[in-house]
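A short write-up of the structure that comes next.
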Amino acid sequence: MPVRRLGTSGQNVSAIGMGCMPLSLGGRPDEADALATIHAAAEAGITFFDTADSYCLDHTDVGHNERLLAKALKGRPEAIIATKGGHIRPNGGWQVDGRPDYLRAACEASLKALGQEAITLYQFHRPDPKVPFAESLGALADLQREGKIVHIGLSNVSVIQLEAARSIAKIVSVQNRMNVFDRSSMDVLKRCEELDIAFLPYSPLNGMGKAGQIGEHDVLARIAAAHEASPQQVALAWLLQLSPLVIPIPGASRSASIQNSAAAYRVELSAEDIAALDAFVAV
(Lines give C-alpha, C1' and ligand atoms only; values in the text may rest on other atoms or scores of the structure.)
Protein backbone atom coordinates (compact mmCIF):
# COMPACT_ATOMS: atom_id res chain seq x y z
CA MET A 1 0.00 0.00 0.00
CA PRO A 2 1.46 3.39 -0.94
CA VAL A 3 1.67 6.04 1.77
CA ARG A 4 0.53 9.64 1.87
CA ARG A 5 1.39 12.43 4.24
CA LEU A 6 -1.18 13.47 6.80
CA GLY A 7 -1.02 17.12 5.84
CA THR A 8 1.35 19.35 7.77
CA SER A 9 1.82 16.75 10.51
CA GLY A 10 4.58 15.07 8.52
CA GLN A 11 3.01 11.74 9.52
CA ASN A 12 2.89 9.10 6.78
CA VAL A 13 -0.20 6.91 6.60
CA SER A 14 -1.64 4.46 4.10
CA ALA A 15 -3.08 6.07 0.95
CA ILE A 16 -6.43 4.53 1.86
CA GLY A 17 -7.71 4.42 5.42
CA MET A 18 -10.61 2.63 7.05
CA GLY A 19 -13.77 4.24 8.38
CA CYS A 20 -14.78 2.04 11.30
CA MET A 21 -18.27 3.37 12.08
CA PRO A 22 -20.19 0.36 10.58
CA LEU A 23 -18.59 -1.90 13.17
CA SER A 24 -20.42 -0.20 16.04
CA LEU A 25 -23.85 1.00 14.89
CA GLY A 26 -27.13 -0.92 14.70
CA GLY A 27 -26.79 -4.18 12.78
CA ARG A 28 -23.10 -4.33 13.65
CA PRO A 29 -21.20 -7.62 13.39
CA ASP A 30 -20.32 -9.56 16.50
CA GLU A 31 -16.99 -8.73 18.11
CA ALA A 32 -15.09 -11.63 16.57
CA ASP A 33 -16.12 -10.64 13.05
CA ALA A 34 -15.44 -6.97 13.76
CA LEU A 35 -11.95 -7.74 15.00
CA ALA A 36 -11.34 -9.93 11.95
CA THR A 37 -12.36 -7.05 9.67
CA ILE A 38 -9.91 -4.66 11.33
CA HIS A 39 -7.18 -7.30 11.16
CA ALA A 40 -7.92 -7.80 7.46
CA ALA A 41 -7.52 -4.06 6.89
CA ALA A 42 -4.17 -4.03 8.66
CA GLU A 43 -2.95 -7.06 6.73
CA ALA A 44 -3.95 -5.30 3.50
CA GLY A 45 -1.60 -2.44 4.38
CA ILE A 46 -4.03 0.03 5.93
CA THR A 47 -2.43 2.00 8.77
CA PHE A 48 -4.99 4.79 9.23
CA PHE A 49 -8.19 4.00 11.13
CA ASP A 50 -10.89 6.61 11.66
CA THR A 51 -13.28 6.42 14.59
CA ALA A 52 -15.24 8.59 17.05
CA ASP A 53 -16.53 8.25 20.58
CA SER A 54 -20.06 8.52 19.15
CA TYR A 55 -19.73 5.43 16.95
CA CYS A 56 -21.89 3.32 19.19
CA LEU A 57 -25.50 2.29 19.71
CA ASP A 58 -26.52 5.02 22.19
CA HIS A 59 -25.40 7.00 25.23
CA THR A 60 -24.82 3.80 27.22
CA ASP A 61 -22.41 2.46 24.60
CA VAL A 62 -20.14 5.52 24.05
CA GLY A 63 -16.60 4.61 23.02
CA HIS A 64 -17.51 1.18 21.64
CA ASN A 65 -15.67 1.73 18.36
CA GLU A 66 -12.61 3.15 20.09
CA ARG A 67 -12.39 0.19 22.47
CA LEU A 68 -12.79 -2.21 19.55
CA LEU A 69 -9.94 -0.61 17.62
CA ALA A 70 -7.70 -0.49 20.67
CA LYS A 71 -8.20 -4.23 21.15
CA ALA A 72 -7.76 -5.12 17.47
CA LEU A 73 -4.66 -2.99 16.88
CA LYS A 74 -2.77 -3.72 20.08
CA GLY A 75 0.81 -4.55 19.18
CA ARG A 76 0.66 -2.76 15.82
CA PRO A 77 2.72 0.42 16.39
CA GLU A 78 2.36 1.42 12.73
CA ALA A 79 -1.42 1.80 13.12
CA ILE A 80 -2.78 5.31 13.71
CA ILE A 81 -6.20 5.67 15.29
CA ALA A 82 -7.80 9.05 14.61
CA THR A 83 -10.84 9.80 16.72
CA LYS A 84 -13.38 12.60 17.03
CA GLY A 85 -15.40 14.39 19.68
CA GLY A 86 -18.41 16.70 19.51
CA HIS A 87 -21.29 14.33 18.78
CA ILE A 88 -23.48 12.78 21.47
CA ARG A 89 -25.92 9.85 21.22
CA PRO A 90 -28.87 10.41 23.58
CA ASN A 91 -31.13 7.35 23.30
CA GLY A 92 -29.50 6.48 19.97
CA GLY A 93 -30.06 9.88 18.37
CA TRP A 94 -27.42 12.20 16.98
CA GLN A 95 -26.84 15.60 18.55
CA VAL A 96 -23.86 17.95 18.75
CA ASP A 97 -22.11 19.31 21.81
CA GLY A 98 -19.23 21.70 21.27
CA ARG A 99 -18.97 23.07 24.78
CA PRO A 100 -15.34 23.26 25.92
CA ASP A 101 -16.03 21.33 29.13
CA TYR A 102 -17.75 18.59 27.19
CA LEU A 103 -14.95 18.31 24.63
CA ARG A 104 -12.39 18.06 27.41
CA ALA A 105 -14.35 15.27 29.08
CA ALA A 106 -14.85 13.52 25.73
CA CYS A 107 -11.13 13.64 24.97
CA GLU A 108 -10.28 12.24 28.40
CA ALA A 109 -12.77 9.41 27.87
CA SER A 110 -11.32 8.68 24.42
CA LEU A 111 -7.81 8.49 25.88
CA LYS A 112 -9.09 5.90 28.33
CA ALA A 113 -11.00 3.93 25.69
CA LEU A 114 -7.98 3.87 23.37
CA GLY A 115 -5.53 3.15 26.16
CA GLN A 116 -3.30 6.00 25.01
CA GLU A 117 -1.44 8.83 26.72
CA ALA A 118 -1.93 11.10 23.70
CA ILE A 119 -4.27 10.88 20.69
CA THR A 120 -2.36 11.20 17.42
CA LEU A 121 -5.22 12.96 15.60
CA TYR A 122 -8.24 14.34 17.45
CA GLN A 123 -10.92 15.87 15.23
CA PHE A 124 -13.75 18.23 16.13
CA HIS A 125 -16.63 16.13 14.83
CA ARG A 126 -19.10 18.86 13.88
CA PRO A 127 -19.51 22.55 14.74
CA ASP A 128 -22.16 23.25 17.36
CA PRO A 129 -24.39 26.21 16.35
CA LYS A 130 -25.08 26.89 20.03
CA VAL A 131 -21.39 27.31 20.93
CA PRO A 132 -18.96 29.84 19.44
CA PHE A 133 -16.65 27.93 17.10
CA ALA A 134 -13.59 29.62 18.62
CA GLU A 135 -14.50 28.32 22.08
CA SER A 136 -14.74 24.73 20.84
CA LEU A 137 -11.41 24.95 19.02
CA GLY A 138 -9.83 26.68 21.98
CA ALA A 139 -10.60 23.61 24.10
CA LEU A 140 -8.78 21.38 21.63
CA ALA A 141 -5.84 23.78 21.52
CA ASP A 142 -5.63 23.63 25.33
CA LEU A 143 -5.68 19.82 25.26
CA GLN A 144 -2.90 19.87 22.68
CA ARG A 145 -0.76 22.14 24.85
CA GLU A 146 -1.30 19.70 27.71
CA GLY A 147 0.03 16.86 25.56
CA LYS A 148 -3.26 14.94 25.35
CA ILE A 149 -3.64 15.62 21.61
CA VAL A 150 -0.75 15.47 19.15
CA HIS A 151 -2.52 16.85 16.06
CA ILE A 152 -5.88 18.60 15.59
CA GLY A 153 -8.29 17.98 12.72
CA LEU A 154 -11.73 19.20 11.71
CA SER A 155 -14.81 17.49 10.31
CA ASN A 156 -17.91 18.78 8.55
CA VAL A 157 -16.59 22.31 8.13
CA SER A 158 -16.72 25.09 5.55
CA VAL A 159 -13.79 27.09 4.21
CA ILE A 160 -14.76 29.95 6.53
CA GLN A 161 -14.70 27.62 9.55
CA LEU A 162 -11.37 26.17 8.46
CA GLU A 163 -9.88 29.65 8.34
CA ALA A 164 -11.33 30.48 11.75
CA ALA A 165 -9.82 27.32 13.22
CA ARG A 166 -6.40 28.09 11.76
CA SER A 167 -6.30 31.32 13.71
CA ILE A 168 -6.57 29.30 16.93
CA ALA A 169 -4.58 26.10 16.32
CA LYS A 170 -2.54 24.29 13.72
CA ILE A 171 -4.93 22.14 11.66
CA VAL A 172 -3.50 19.09 9.88
CA SER A 173 -6.64 17.53 8.38
CA VAL A 174 -10.23 18.09 7.33
CA GLN A 175 -12.78 15.29 7.09
CA ASN A 176 -15.82 16.15 4.95
CA ARG A 177 -18.22 14.09 2.88
CA MET A 178 -16.92 13.59 -0.66
CA ASN A 179 -17.50 10.98 -3.34
CA VAL A 180 -18.07 10.67 -7.06
CA PHE A 181 -21.73 11.62 -6.56
CA ASP A 182 -21.20 14.43 -4.05
CA ARG A 183 -18.59 17.12 -4.75
CA SER A 184 -20.07 19.75 -2.46
CA SER A 185 -16.79 20.11 -0.54
CA MET A 186 -14.55 20.75 -3.54
CA ASP A 187 -13.94 24.31 -2.33
CA VAL A 188 -12.75 22.95 1.01
CA LEU A 189 -10.45 20.46 -0.74
CA LYS A 190 -9.00 23.25 -2.87
CA ARG A 191 -8.22 25.33 0.22
CA CYS A 192 -6.69 22.29 1.94
CA GLU A 193 -4.37 21.86 -1.04
CA GLU A 194 -3.31 25.49 -0.80
CA LEU A 195 -2.57 25.05 2.90
CA ASP A 196 -1.01 21.56 2.69
CA ILE A 197 -3.74 20.07 4.88
CA ALA A 198 -4.86 16.46 4.45
CA PHE A 199 -8.41 15.91 3.18
CA LEU A 200 -10.17 12.78 4.44
CA PRO A 201 -13.32 12.05 2.38
CA TYR A 202 -15.91 10.22 4.44
CA SER A 203 -18.71 8.28 2.74
CA PRO A 204 -16.34 7.83 -0.25
CA LEU A 205 -18.68 5.13 -1.58
CA ASN A 206 -21.79 7.30 -1.13
CA GLY A 207 -22.67 6.11 2.35
CA MET A 208 -23.21 2.79 4.11
CA GLY A 209 -26.60 2.16 2.56
CA LYS A 210 -25.56 2.90 -1.02
CA ALA A 211 -22.02 1.50 -1.38
CA GLY A 212 -23.28 -1.79 -2.78
CA GLN A 213 -25.35 0.01 -5.43
CA ILE A 214 -22.44 1.81 -7.08
CA GLY A 215 -22.21 -0.89 -9.75
CA GLU A 216 -25.71 0.01 -10.94
CA HIS A 217 -24.37 3.23 -12.48
CA ASP A 218 -23.39 2.66 -16.10
CA VAL A 219 -20.29 4.86 -16.21
CA LEU A 220 -18.76 3.34 -13.10
CA ALA A 221 -19.63 -0.17 -14.22
CA ARG A 222 -18.13 0.38 -17.68
CA ILE A 223 -14.86 1.80 -16.35
CA ALA A 224 -14.63 -0.94 -13.74
CA ALA A 225 -15.04 -3.65 -16.37
CA ALA A 226 -12.32 -2.06 -18.52
CA HIS A 227 -9.89 -2.15 -15.59
CA GLU A 228 -11.00 -5.55 -14.28
CA ALA A 229 -11.80 -3.80 -11.04
CA SER A 230 -14.88 -3.31 -8.89
CA PRO A 231 -17.00 -0.15 -9.26
CA GLN A 232 -16.15 0.62 -5.64
CA GLN A 233 -12.45 0.57 -6.47
CA VAL A 234 -13.03 2.96 -9.38
CA ALA A 235 -14.91 5.36 -7.09
CA LEU A 236 -12.00 5.34 -4.64
CA ALA A 237 -9.44 5.71 -7.45
CA TRP A 238 -11.30 8.82 -8.63
CA LEU A 239 -10.88 10.34 -5.17
CA LEU A 240 -7.20 9.41 -5.02
CA GLN A 241 -6.48 11.22 -8.29
CA LEU A 242 -8.03 14.45 -7.02
CA SER A 243 -5.01 15.33 -4.89
CA PRO A 244 -2.03 13.69 -3.18
CA LEU A 245 -3.49 15.06 0.06
CA VAL A 246 -6.69 13.00 -0.28
CA ILE A 247 -6.93 9.92 1.94
CA PRO A 248 -10.31 8.17 1.47
CA ILE A 249 -11.70 6.33 4.49
CA PRO A 250 -14.20 3.74 3.19
CA GLY A 251 -16.26 2.05 5.86
CA ALA A 252 -16.56 -1.70 6.15
CA SER A 253 -18.20 -4.32 8.33
CA ARG A 254 -16.78 -7.33 6.48
CA SER A 255 -13.22 -8.39 5.72
CA ALA A 256 -13.93 -8.81 2.02
CA SER A 257 -15.20 -5.24 1.72
CA ILE A 258 -12.14 -3.57 3.22
CA GLN A 259 -9.78 -5.85 1.30
CA ASN A 260 -11.50 -4.78 -1.92
CA SER A 261 -11.26 -1.10 -0.98
CA ALA A 262 -7.62 -1.40 0.05
CA ALA A 263 -6.68 -2.53 -3.46
CA ALA A 264 -8.20 0.56 -5.12
CA TYR A 265 -4.82 2.29 -5.37
CA ARG A 266 -3.85 -0.21 -8.07
CA VAL A 267 -6.53 1.15 -10.42
CA GLU A 268 -4.92 3.73 -12.72
CA LEU A 269 -7.63 5.81 -14.31
CA SER A 270 -6.95 7.34 -17.71
CA ALA A 271 -7.66 10.95 -18.60
CA GLU A 272 -10.71 9.67 -20.50
CA ASP A 273 -11.92 7.76 -17.45
CA ILE A 274 -11.59 10.81 -15.23
CA ALA A 275 -13.36 13.02 -17.77
CA ALA A 276 -16.24 10.54 -17.96
CA LEU A 277 -16.52 10.41 -14.17
CA ASP A 278 -16.33 14.19 -13.86
CA ALA A 279 -19.06 14.56 -16.46
CA PHE A 280 -21.15 11.94 -14.68
CA VAL A 281 -20.91 13.90 -11.44
CA ALA A 282 -21.92 17.08 -13.24
CA VAL A 283 -25.18 15.57 -14.50
Side-chain angles (χ1 to χ4, degrees), residues 1-2 13-58 61 63-76 78-84 89 92 94 113-114 175 177-182 200-217 220-221 223-225 227-240 247-267:
M1 168 85 67
V13 299
S14 51
I16 296 171
M18 178 180 175
C20 300
M21 182 170 68
L23 299 175
S24 293
L25 300 188
R28 65 195 188 192
D30 62 33
E31 184 174 282
D33 287 341
L35 293 173
T37 299
I38 299 168
H39 291 156
E43 292 302 319
I46 289 177
T47 62
F48 185 77
F49 297 83
D50 181 78
T51 183
D53 60 351
S54 58
Y55 293 167
C56 56
L57 295 177
D58 56 31
D61 192 41
H64 177 274
N65 205 247
E66 295 172 324
R67 293 188 294 273
L68 189 67
L69 282 167
K71 184 174 183 178
L73 298 173
K74 186 177 182 179
R76 293 182 182 268
E78 74 282 3
I80 293 173
I81 302 175
T83 193
K84 298 184 287 293
R89 301 298 313 281
W94 292 88
L114 293 169
Q175 182 180 150
R177 181 183 174 91
M178 173 83 82
N179 56 63
V180 72
F181 305 100
D182 182 351
L200 315 175
Y202 75 79
S203 295
L205 299 177
N206 206 25
M208 291 193 303
K210 298 180 180 179
Q213 302 169 16
I214 284 181
E216 297 175 6
H217 297 272
L220 279 163
I223 294 173
H227 288 275
E228 297 183 344
S230 70
Q232 289 80 6
Q233 288 172 334
V234 170
L236 292 172
W238 178 82
L239 284 166
L240 288 171
I247 304 168
I249 47 173
S253 58
R254 298 182 299 112
S255 296
S257 297
I258 196 59
Q259 288 168 335
N260 181 270
S261 292
Y265 73 89
R266 298 195 182 103
V267 179

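Just so you know, residue 1 is the first one in the sequence shown, and it goes up from there.
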Which residues satisfy the side-chain hydrogen bond (donor to acceptor under 3.5 Å, both in side chains) test with [X], sequence neighbours excluded?
X: Q259; result: none
X: T51; result: N65
X: T83; result: E66
X: R76; result: E43

- Evaluate side-chain contact (heavy atoms from CB on, under 4.5 Å) for L205 paired with I214, printing each intermediate quantity in order. CA-CA 7 Å; L205 299 177; I214 284 181; 3.8 Å; yes
- Query: A34: what forms a side-chain contact (heavy atoms from CB on, under 4.5 Å) with it, not counting sequence neighbours?
  - Reply: L23, P29, L68
- Message: List the residues meeting side-chain contact (heavy atoms from CB on, under 4.5 Å) with A70, not counting sequence neighbours, and say none if there are none.
- Response: none
What pair of heavy atoms forms the shortest contact from [X] to [Y], and how long is it?
X: V234; Y: I223; result: CG1-CG2, 3.8 Å
X: I46; Y: A262; result: CD1-CB, 4.0 Å
X: T37; Y: S253; result: OG1-O, 3.5 Å
X: P204; Y: A235; result: O-CB, 4.4 Å
X: P231; Y: A224; result: N-CB, 3.6 Å
X: A44; Y: M1; result: O-CE, 4.0 Å

Between [X] and [Y] (side chain of the first, backbone of the second, donor and acceptor by atom type, cut-off under 3.5 Å), is there such a pair?
X: S257; Y: A252; value: no
X: H39; Y: A72; value: yes
X: S230; Y: Q233; value: yes

- Sorted by first residue and then second, give each salt bridge (charged side-chain N to carboxylate O under 4.0 Å, His left out) pair with at least one member in residues 250-265; sequence neighbours left out. none
- Task: Can you run down the salt bridge (charged side-chain N to carboxylate O under 4.0 Å, His left out) pairs that involve residues 17-34, sequence neighbours left out, and say none if there aren't any?
- Result: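 Matches after skipping sequence neighbours: R28-D61, E31-K71.
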- H217: what forms a ring pair (Phe, Tyr, Trp, His ring centres under 6.0 Å) with it, not counting sequence neighbours?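 Checked H217 against ring pair (Phe, Tyr, Trp, His ring centres under 6.0 Å); matches are F181, F280.
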- Message: Can you confirm whether Y265 sits close enough to L240 that some side-chain heavy atom of one is under 4.5 Å from a side-chain heavy atom of the other?
- Response: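 Yes, side chains in contact.
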- Message: Using the salt bridge (Lys or Arg N to Asp or Glu O under 4.0 Å) criterion, which residues pair with D50? Sequence neighbours excluded.
- Response: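 Residues passing salt bridge (Lys or Arg N to Asp or Glu O under 4.0 Å) with D50: K84.
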- Task: Carefully, step by step, assess S54 and R89 under the rule side chain to side chain donor-acceptor pair (under 3.5 Å).
- Result: CA-CA 6 Å; S54 58; R89 301 298 313 281; 6.0 Å; no
- Query: P250 pairs by side chain to side chain contact (heavy atoms under 4.5 Å, CB included) with which of L236, L239, N179?
  - Reply: L236
- Item | Chi angles and distances behind the side-chain contact (heavy atoms from CB on, under 4.5 Å) call for M18, F48 | CA-CA 6 Å; M18 178 180 175; F48 185 77; over 6 Å; no
